[in-house]
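These notes are about the structure you will find just below.
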Amino acid sequence: MLDAYFNQRYAGNSWFDGLSITRIRQDDPEKNSNVVINISFKDLSVESYDEFIEDFILYMSDVYSRYPELKDSDKLNEIVRGDYDAVCWRRSSRSVLRSSIARLCDMLGTHHGKEVILLIDEYDKPVNNANGDVRDRILAFLKQVYGESLKDNPSLRFAVVTGVMQIAKENIFSDLNNLKVNNVLNTEFDEMFGFTTEEVRTACNDYGHPEKFEEAKKWYDGYRFGNTDIYNPWSIISYIDSGFVPKGYWTCLLYTSPSPRDSTSS
């Protein structure tokens, strides 16, 4: 969502037309006017440290390849373009790999003449999924990656980092300061990431079944963010798209929850 709103690559889209943000922020100069790096570490292997590094190399190659304008940019010197090629062709050194996100921010900032927005999703999944010495080595590696990307990065406008573990309590970010941490107990954005009661009621009305609201509430009113009841957005969308058939849409395909609540609600 943040990538779709901020990224200049999507300029001219109508995705947000008619939505509340368009009414609140009319002619917003930030909309689709920024350089954005959008990454996720959800699929990196953690069976061994070497496999993790191999996956990281492959993934960063894919990320770099999204910005072909950097390959022959006359705003980058030959050495920097060499680093770009090394990551793209999966032959970068470990030191270049650890700084690959920070380097990409610098390259894009130099080429486009503006600071970069960095979005990192599932920042903690490799650490959560690993065990023992493998976990310790991955943690140490990512600590360096995040430190170089997020601390004293002159090309970074701001970053949004999301994951399961609360950032302030995870030592992977212990070298950083000026972090603004938001969790499910905060009220500042409690209505922003999910559907509120009134939004679900409106959706049921708009799709011709206002009588289904109570059923939707029974099944999917499972989150409490700050002071707001929040419904699982994927479940609500799937529920309406399936013709208002209630079931655990967020669960594994091989598992059906016996409870009349979605599995993520507990």
Side-chain angles (χ1 to χ4, degrees), residues 1-17 19-42 56-57 59-89 92 95-123 142-163 167 173 175-182 188-189 192-193:
M1 181 181 68
L2 295 175
D3 184 37
Y5 189 82
F6 285 112
N7 201 325
Q8 64 185 21
R9 292 190 173 190
Y10 309 130
N13 72 79
S14 59
W15 300 335
F16 296 91
D17 290 359
L19 302 183
S20 295
I21 193 169
T22 303
R23 296 193 297 271
I24 296 170
R25 301 174 68 110
Q26 296 183 21
D27 301 318
D28 184 5
E30 296 291 345
K31 184 176 183 292
N32 299 130
S33 63
N34 293 273
V35 180
V36 178
I37 300 173
N38 183 20
I39 62 180
S40 171
F41 292 146
K42 67 182 181 67
F56 196 91
I57 290 171
Y59 182 65
M60 289 311 301
S61 171
D62 174 69
V63 172
Y64 268 54
S65 298
R66 300 173 195 170
Y67 305 95
E69 68 269 25
L70 299 177
K71 180 175 176 57
D72 299 312
S73 174
D74 58 7
K75 297 180 180 179
L76 305 179
N77 64 44
E78 186 175 349
I79 295 175
V80 173
R81 290 199 302 272
D83 288 341
Y84 172 83
D85 286 340
V87 175
C88 280
W89 290 101
S92 59
S95 60
V96 170
L97 193 63
R98 283 193 294 268
S99 63
S100 55
I101 298 175
R103 288 170 185 261
L104 183 58
C105 288
D106 183 62
M107 293 177 198
L108 289 169
T110 300
H111 178 82
H112 291 281
K114 60 176 70 175
E115 294 175 329
V116 174
I117 294 174
L118 175 61
L119 308 177
I120 303 177
D121 190 27
E122 304 271 11
Y123 85 90
L142 288 178
K143 185 175 181 179
Q144 292 179 304
V145 171
Y146 295 142
E148 294 198 31
S149 303
L150 302 173
K151 184 176 183 179
D152 299 326
N153 183 347
S155 300
L156 184 65
R157 183 178 178 193
F158 68 82
V160 178
V161 182
T162 56
I167 287 176
F173 290 109
D175 291 338
L176 302 180
N177 48 27
N178 299 323
L179 293 171
K180 184 174 183 180
V181 179
N182 189 279
E188 186 176 3
F189 302 109
M192 303 301 179
F193 295 93

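Shown here is Ile79, whose CD1 atom has no more than 12 heavy atoms of other residues, nucleotides or ligands within 6.0 Å. Shown here is Trp15, whose CH2 atom has more than 12 heavy atoms of other residues, nucleotides or ligands within 6.0 Å.
One finds the OH atom of Tyr10 at 4.5 Å from the CG atom of Asp3 (value rounded to the nearest 0.5 Å). The structure places OG1 of Thr22 at 7.5 Å from CZ of Phe16, a figure rounded to the nearest 0.5 Å. Here the straight-line distance linking atom CD of Glu30 with atom OH of Tyr5 works out to 8.0 Å at 0.5 Å rounding. In this structure, CD1 in Ile57 is found 14.0 Å from CG in Asp62, a value given to the nearest 0.5 Å. The distance from atom CG of Leu119 to atom CZ of Phe158, rounded to the nearest 0.5 Å, is 7.0 Å. Remark: Met60 CE to Ser65 OG distance equals 10.0 Å, nearest 0.5 Å.
Side-chain contact between Ile117 and Leu2: absent, with no pair of heavy atoms (C-beta onward) separated by less than 4.5 Å. At a threshold of 4.5 Å between non-hydrogen side-chain atoms, the residues Ile39 and Tyr59 count as touching. Contact of the Ile120 side chain with the Tyr146 side chain is registered, since non-hydrogen atoms from C-beta on lie closer than 4.5 Å.
The two residues Asn32 and Ala11 have their closest heavy-atom pair at CB-CA, 3.7 Å. When all heavy atoms of Lys114 and Ser33 are compared, the pair lying nearest together is NZ-O, 2.9 Å. Across every non-hydrogen atom of Ser92 and Val87, the tightest pair is CB-CG2, 4.0 Å. Considering every non-hydrogen atom in both Ala4 and Asn13, the closest pair reads O-ND2, 4.2 Å. Heavy-atom minimum distance, Pro154 versus Glu115: O-OE2, 3.7 Å. Nearest approach of Cys88 to Ser61, heavy atoms of both residues: O-OG, 2.6 Å.
In this view, Lys71 and Asp85 satisfy the salt bridge (charged side-chain N to carboxylate O under 4.0 Å, His left out) rule, not counting sequence neighbours. By the side-chain contact (heavy atoms from CB on, under 4.5 Å) test, Glu78 pairs with Arg81, sequence neighbours left out. Applying the salt bridge (charged side-chain N to carboxylate O under 4.0 Å, His left out) criterion to Asp28, with sequence neighbours excluded, gives Arg25. Every residue was checked against the side-chain hydrogen bond (donor to acceptor under 3.5 Å, both in side chains) condition with Asn153, not counting sequence neighbours, and none meets it. Among residues two or more places apart in sequence or in another chain, the salt bridge (charged side-chain N to carboxylate O under 4.0 Å, His left out) test is passed with Arg98 by none.
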Derivation of the side-chain hydrogen bond (donor to acceptor under 3.5 Å, both in side chains) call for Ser20 and Arg23 = CA-CA 5 Å; Ser20 295; Arg23 296 193 297 271; 3.0 Å; yes

key: Stepwise side-chain contact (heavy atoms from CB on, under 4.5 Å) check, Lys42 with Asp121   = CA-CA 8 Å; Lys42 67 182 181 67; Asp121 190 27; 5.7 Å; no

task = Any chance you could lay out the side-chain contact (heavy atoms from CB on, under 4.5 Å) test for Glu69 and His112, step after step, and finish with the verdict?
result = CA-CA 10 Å; Glu69 68 269 25; His112 291 281; 3.1 Å; yes

ask   = Would Tyr123 and Leu142 count as a side-chain contact (heavy atoms from CB on, under 4.5 Å) if you check the C-alpha gap in whole Å, the side-chain angles of each, and the deciding distance to 0.1 Å?
value = CA-CA 9 Å; Tyr123 85 90; Leu142 288 178; over 6 Å; no

Show the atom names and distances, to 0.1 Å, of all donor-acceptor pairs under 3.5 Å that link a side chain in residues 104-111 to residues at least two apart or in another chain.
| unit_1 | atom_1 | unit_2 | atom_2 | d |
| --- | --- | --- | --- | --- |
| Asp106 | OD1 | Ser155 | OG | 3.4 |
| Thr110 | OG1 | Asp106 | O | 2.9 |
| His111 | ND1 | Ser73 | OG | 2.7 |

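Relative orientation of the Phe41 and Phe56 rings is tilted, given thresholds of 30° and 60° on the angle between their planes.
Side-chain contact, Asn38 with Asn7: no donor N or O sits under 3.5 Å from an acceptor N or O.
Formation of a donor-acceptor pair under 3.5 Å by the Tyr64 side chain with backbone atoms of Leu70 is not found in this model.
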